[in-house]
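Reviewing the structure listed below.
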Amino acid sequence: MGERHGFFDKDVFIKLACCDLWEDVLEVLGVTHPYRLASATAKGSKAALLRKNIGADCEETLQRLKRMERHALVIAEPKTEEALELYNRLITTSDIDSGEAQLVVAVLACEQDKKLISGDKRFLRAMLEKFPDELTVLCPSIVTFEQCVLAVCDTKGFEHVRNRLWIARACDGSLRHALGSHGGTSYLSFKEGLVSFGAMVPVLGGESCA
């Protein structure tokens, strides 16, 4: 496999640090060139970690974020007139924030094999309603957090990551739902739980775009 560029939104970036899945996801998605938003740093993520109730494991997660921060390239801000025009239209659209707008512009401009690792439902719904042509181009590249987790499980086995997911379950509602109250769920039940969340994402319909 040749080069593959992966553009991570901040929320997924943080969740992968919480679950200690960064290296696994890069491997199974074949991402050779990971990119992050400038705000996706350990310092910039501490408040988000506290909101996600990552209590005792917060410091360990911050250390992982620092390593990820050094590994990933920062997504460049839009510079061409065309890119700036699209960016400005995106950020004035309800439910699309500046980071998501930057991701869209960067992925559309990338001429290499690429993935957009996101999955915010409001963002995707807004793209579907207001920017359907751009979303049509982006859709084959979109991978959600749930799809990242399932790709690792399908490649390396559920037991390879079960304990990490259980420890980090507070970071994501779909994980809490899929793992159940005691964490002893079967992989089939876990997968069905995550897919049910993916089915709620507009455009993807629960099907992997990876």
Side-chain angles (χ1 to χ4, degrees), residues 5-19 21 25 29 31 34-40 44-45 47-49 51-53 75 77-78 82-110 113-152 165 168-179 190-210:
H5 295 237
F7 297 82
F8 291 80
D9 78 9
K10 184 177 178 179
D11 188 57
V12 173
F13 195 78
I14 293 173
K15 288 177 181 178
L16 293 179
C18 293
C19 298
L21 287 180
V25 166
L29 295 186
V31 171
Y35 294 82
R36 63 174 175 84
L37 293 166
S39 61
S45 302
L49 289 174
R51 286 197 303 272
K52 292 176 185 296
N53 297 316
I75 298 171
E77 295 184 0
E82 181 180 7
L84 284 168
E85 188 273 335
L86 175 58
Y87 176 81
N88 287 328
R89 285 196 292 127
L90 286 162
I91 62 173
T92 56
T93 301
S94 178
D95 292 330
I96 298 178
D97 63 32
S98 59
E100 291 160 345
Q102 196 172 349
L103 282 167
V104 168
V105 172
V107 174
L108 289 174
C110 179
D113 186 15
K114 65 220 175 178
K115 293 296 177 186
L116 167 56
I117 300 91
S118 184
D120 182 275
K121 297 175 180 63
R122 291 175 299 177
F123 158 60
L124 292 174
R125 188 174 294 110
M127 288 294 297
L128 179 63
E129 293 175 356
K130 303 296 184 181
F131 299 90
D133 292 341
E134 288 80 1
L135 186 60
T136 297
V137 177
L138 289 173
C139 190
S141 302
I142 296 173
V143 184
T144 66
F145 172 70
E146 292 83 4
Q147 290 166 353
C148 285
V149 173
L150 290 177
V152 173
L165 297 177
R169 65 193 183 280
C171 78
D172 181 72
S174 64
L175 278 185
R176 292 194 299 273
H177 167 76
L179 286 168
F190 174 75
K191 185 171 185 176
E192 288 175 348
L194 282 190
V195 169
S196 72
F197 268 75
M200 294 167 62
V201 178
V203 183
L204 302 183
E207 296 297 325
S208 173
C209 286

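As a basis for the values below, the full set of heavy atoms in this structure was taken, side chains included, without hydrogen atoms, waters or symmetry mates. Residue numbers start at 1 and run along the sequence shown.
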The complete set of salt bridge (charged side-chain N to carboxylate O under 4.0 Å, His left out) pairs with one or both residues in residues 83-96, sequence neighbours excluded, reads Glu85-Arg89, Arg89-Glu134
Open item on the list: Is there a side-chain contact between Met127 and Val104 in this structure, where contact means two heavy atoms from C-beta onward sitting under 4.5 Å apart?
Closed with: yes
Contacts of Ala83 meeting side-chain contact (heavy atoms from CB on, under 4.5 Å) (sequence neighbours excluded), chain-then-number -> Pro78, Thr80, Val105
By salt bridge (Lys or Arg N to Asp or Glu O under 4.0 Å), Lys191 pairs with (sequence neighbours left out) Asp154
Separation between OG (Ser98) and CG (Leu103), nearest 0.5 Å, reads 10.0 Å
So salt bridge (charged side-chain N to carboxylate O under 4.0 Å, His left out) across residues 97-110, not counting sequence neighbours, yields none
The reported gap from CG in Leu108 to CG in Leu135 (rounded to nearest 0.5 angstrom) is 10.0 Å
Check: Gln147 side chain, Thr144 main-chain N or O, donor-acceptor pair, under 3.5 Å: yes
Applying ring-ring contact (aromatic ring centres under 6.0 Å, His included) to Phe13 and not counting sequence neighbours gives Trp22
What one should report as the nearest heavy-atom pair of Leu165 and Leu175 is CD2-CD2, 4.1 Å
Value for CD1 (Ile14) from CZ (Phe145), rounded to nearest 0.5 Å, stands at 11.5 Å
The reported gap from OG1 in Thr93 to CD in Glu129 (rounded to nearest 0.5 angstrom) is 10.5 Å
Practice problem: With salt bridge (charged side-chain N to carboxylate O under 4.0 Å, His left out) as the test, would you mind laying out the steps for Asp11 and Lys15 before giving the verdict? | Solution: CA-CA 6 Å; Asp11 188 57; Lys15 288 177 181 178; 3.1 Å; yes
Sorted by chain and number, sequence neighbours left out, side-chain contact (heavy atoms from CB on, under 4.5 Å) with Thr136 holds for none
Ignoring hydrogens and angles, tell me if any N or O in the side chain of Lys114 forms a donor-acceptor pair with the backbone of Val107 under 3.5 Å. yes
